[in-house]
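This one's a predicted model, so the numbers in the text were calculated from it and none came from an experiment. Each ligand, and each atom within it, is numbered from 1 in the order the structure gives. Values reported hereafter were calculated over all heavy atoms of this structure, with side chains retained and with hydrogens, waters and symmetry mates removed.
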Amino acid sequence: VKVRVDLGRCQGHNRCLAVAPELFDVDDEGYALVLNDGQVPDQATEQAELAMDNCPEQAIELDDRQGEGSGR
Ligand code: SF4
């Protein structure tokens, strides 16, 4: 699973960092940055979903087309 932040929407509430510190950091202005190029480790998938649900601006998107061991 990959996660991305739409910086056009992000208003810098830092909620994502609060619920998913493994996946996000924030810049000096409080806008979200994804860690690890947005790559979400399996054990952090729930954190990613939580962050998405908790973002007041719907700025967080999950892309689950990859990972899940498709073998390709
Ligand atoms: S919770 Fe949403 S709006 Fe707030 S910093 Fe994270 S991505 Fe940006």
* Atom of Cys10, atom of Tyr31 and distance for their closest heavy-atom approach ->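 Looking at all heavy atoms of both residues, the closest pair is O-CE2, 3.1 Å.
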* Asked: What do the steps show when you test Glu49 against Leu62 for side-chain contact (heavy atoms from CB on, under 4.5 Å), and what is the final call?
  -> CA-CA 8 Å; Glu49 287 171 355; Leu62 287 190; 3.7 Å; yes
* To do: Check the hydrophobic clustering (I, L, V, M, F, W, Y; side-chain heavy atoms under 4.5 Å; chains of links allowed) and say if Val26 and Leu35 are grouped together.
  =>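 Each belongs to a different hydrophobic cluster.
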* To do: Report yes or no: do Leu7 and Val3 belong to one cluster of Ile/Leu/Val/Met/Phe/Trp/Tyr joined by side chain heavy-atom distances under 4.5 Å?
  =>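 Leu7 and Val3: one cluster.
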* Asked: Counting no waters, how many protein N/O/S atoms sit under 2.8 Å from atom 8 (Fe) of ligand 1?
  ->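 That number is 1, waters not included.
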* Asked: Would a distance-only check, ignoring hydrogens and angles, find a side-chain to backbone donor-acceptor pair under 3.5 Å from Asp27 to Glu29?
  ->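 Looks like yes, one N/O pair under 3.5 Å.
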* Crowding at CD, Gln11 (>12 non-hydrogen neighbours, <6.0 Å) ->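 Result for CD/Gln11: enclosed.
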